[in-house]
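Structure, as structure tokens:
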Amino acid sequence: MLTSMYMYISSKGSCSIEENKSNIPMANSKIKIKVNSQIFTATLLDNKSVKAFKEMLPLTMKMTELNGNEKYFDLPNSIPTSSYNPEMIKSGDLMLYGSKTFVMFYKTFSTSYSYTKLGSIDDVKGLTTALGSGNVTVTFELE
């Protein structure tokens with residue numbers, strides 16, 4: 001997980017490091033993801049993008065297949081972003097590309113693209129099979 005680090009120098013010259021908490025999981029911030037008859041649970045991060053995304057839920061998306069590793073859907077509204085290049089995408093990552101394109105990844109691979117991370121699926125076992133090789137309808141709702 002990529003987080004920003006801030007360094008504070010005290011008057012005694014010692015240093016301490018404080019983690020920016022914008023990309024840590026939120027307490028009780030889980031969503032259910034329904035793909036056909038299978039249900040997956042995802043943990044969301046604590047950031048402005050997630051807050052805006054959660055306000056859209058429940059949401060059923062007709063997700064489009066892309067590159068044999070992801071499904072994407074253009075959200076009805078733009079949401080705030082804080083994009084960065086994660087260098088490695090993990091199966092189960094839930095990301096925002098630009099300010100409107102929601103992406104669910106089902107394979108792990110390296111990337112040169114920048115995304116805003118929203119969260120990740122807790123257990124990806126069966127995800128690739130459930131999503132299939134084509135377009136798929138997926139429902140996202142608060143747990």
Side-chain angles (χ1 to χ4, degrees), residues 1-10 14-143:
M1 173 169 50
L2 180 66
T3 58
S4 300
M5 303 297 275
Y6 297 93
M7 187 174 291
Y8 293 86
I9 301 174
S10 72
S14 64
C15 296
S16 65
I17 297 175
E18 183 177 309
E19 188 173 345
N20 176 356
K21 300 187 185 321
S22 65
N23 280 326
I24 60 172
M26 295 175 71
N28 300 321
S29 190
K30 298 271 190 181
I31 58 171
K32 283 195 285 189
I33 302 169
K34 295 180 184 180
V35 184
N36 299 315
S37 62
Q38 287 197 267
I39 297 176
F40 299 90
T41 302
T43 301
L44 300 178
L45 301 178
D46 183 4
N47 60 43
K48 291 178 184 179
S49 306
V50 167
K51 183 178 180 194
F53 176 68
K54 284 173 61 176
E55 290 173 1
M56 295 180 185
L57 302 180
L59 185 62
T60 298
M61 304 178 186
K62 173 76 174 175
M63 301 192 79
T64 304
E65 167 62 34
L66 184 64
N67 299 325
N69 59 27
E70 67 185 76
K71 305 290 185 187
Y72 74 91
F73 175 81
D74 286 330
L75 297 170
N77 302 308
S78 293
I79 62 177
T81 63
S82 180
S83 62
Y84 69 97
N85 178 333
E87 296 180 11
M88 184 65 66
I89 298 289
K90 294 183 180 88
S91 179
D93 278 349
L94 304 175
M95 305 277 213
L96 186 66
Y97 179 74
S99 64
K100 241 183 127 164
T101 304
F102 177 86
V103 185
M104 180 169 42
F105 292 96
Y106 60 89
K107 290 198 178 163
T108 298
F109 62 96
S110 61
T111 186
S112 60
Y113 291 99
S114 291
Y115 299 91
T116 298
K117 185 161 186 174
L118 302 177
S120 58
I121 295 173
D122 298 333
D123 182 358
V124 297
K125 183 179 178 186
L127 180 64
T128 300
T129 302
L131 292 173
S133 59
N135 300 343
V136 65
T137 299
V138 181
T139 300
F140 295 83
E141 59 188 42
L142 295 172
E143 186 172 63

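What you are looking at is a predicted structure, and each value in this text was computed from that prediction instead of being measured. What's counted below: heavy atoms across the whole structure, side chains too, no hydrogens, waters or symmetry copies.
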To the nearest 0.5 Å, how far apart are OG1 in Thr64 and CD in Glu70?
10.5 Å
Could you pull out the closest heavy-atom pair between Leu94 and Ile31, with the gap in Å?
CD1-CD1, 4.3 Å
Quick one: closest heavy-atom pair of Lys32 and Ile39, and the distance?
CD-CG2, 4.1 Å
What's the shortest heavy-atom distance between Ser82 and Thr116, and which atoms?
N-OG1, 3.0 Å
Value rounded to 0.5 Å, distance of CG in Leu118 from CG in Asp93:
10.0 Å
Which heavy atom in Thr128 sits nearest to a heavy atom in Tyr106, and how many Å separate them?
OG1-O, 3.2 Å
Nearest non-hydrogen partners of Pro76 and Met56, listed with the distance
CD-SD, 4.2 Å
Walk me through whether Ile33 and Val138 qualify under side chain to side chain contact (heavy atoms under 4.5 Å, CB included).
CA-CA 7 Å; Ile33 302 169; Val138 181; 3.4 Å; yes
Spatial distance of atom OG (Ser99) from atom CG (Leu75) [nearest 0.5 Å]
9.0 Å
Ignoring hydrogens and geometry, is there a side-chain-to-backbone donor-acceptor pair from Lys71 to Gly132 under 3.5 Å?
yes
CG of Asn135 to NZ of Lys62: how many Å apart, nearest 0.5 Å?
5.5 Å
To the nearest 0.5 Å, what is the distance between OG on Ser133 and CD on Glu65?
7.0 Å
Is there side-chain contact between Ser91 and Lys107, with heavy atoms separated by less than 4.5 Å?
no
Rounded to the nearest 0.5 angstrom, the CE-CE distance for Met104 and Met63 is 4.5 Å
Should we count CZ of Phe109 as having more than 12 external heavy atoms under 6.0 Å?
yes
Under the criterion ring pair (Phe, Tyr, Trp, His ring centres under 6.0 Å), which of Phe40, Phe73, Phe102 is the partner of Phe140?
Phe102
Output yes when a side-chain donor or acceptor of Asn36 lies under 3.5 Å from a complementary backbone atom of Gln38, and no otherwise.
no
Checking side chain to side chain contact (heavy atoms under 4.5 Å, CB included) for the pair Thr108/Ile89: CA distance, chi angles, key distance, verdict?
CA-CA 5 Å; Thr108 298; Ile89 298 289; over 6 Å; no
Give a yes or no on this: more than 12 heavy atoms of other residues, nucleotides or ligands lie within 6.0 Å of atom NZ of Lys100.
yes
Is it true that a side-chain atom of Thr60 and a backbone atom of Thr139 form a donor plus acceptor pair closer than 3.5 Å?
no
Taking C-beta and beyond as the side chain, do Ile79 and Leu96 meet within less than 4.5 Å on heavy atoms?
yes
Are Thr111 and Pro86 side-chain neighbours, meaning at least one heavy-atom pair lies under 4.5 Å?
yes
Is the backbone N or O of Ser83 less than 3.5 Å from a side-chain atom of Thr81, with the two atoms forming a donor-acceptor pair by type?
no
Between Asn47 (side chain) and Lys117 (backbone), is there a donor-acceptor pair under 3.5 Å?
yes
Between the side chains of Glu141 and Lys34, is the shortest nitrogen-to-carboxylate-oxygen separation below 4.0 Å, so that they form an ion pair?
yes
Thr129 side chain reached by Leu127 side chain, heavy atoms, under 4.5 Å
no
If the test is ring pair (Phe, Tyr, Trp, His ring centres under 6.0 Å), which one of Phe105, Tyr72, Tyr115 qualifies with Tyr97?
Tyr115
Between Asp122 and Lys30 (salt bridge meaning N to carboxylate O under 4.0 Å), is one present in this structure?
yes
Which heavy-atom pair separates Leu142 from Lys54 by the least distance, and what is that distance?
CD2-CE, 3.8 Å
Counting N and O atoms only, with roles assigned by atom type, does the side chain of Asn85 sit under 3.5 Å from a partner on the main chain of Glu87, one being a donor and the other an acceptor?
yes
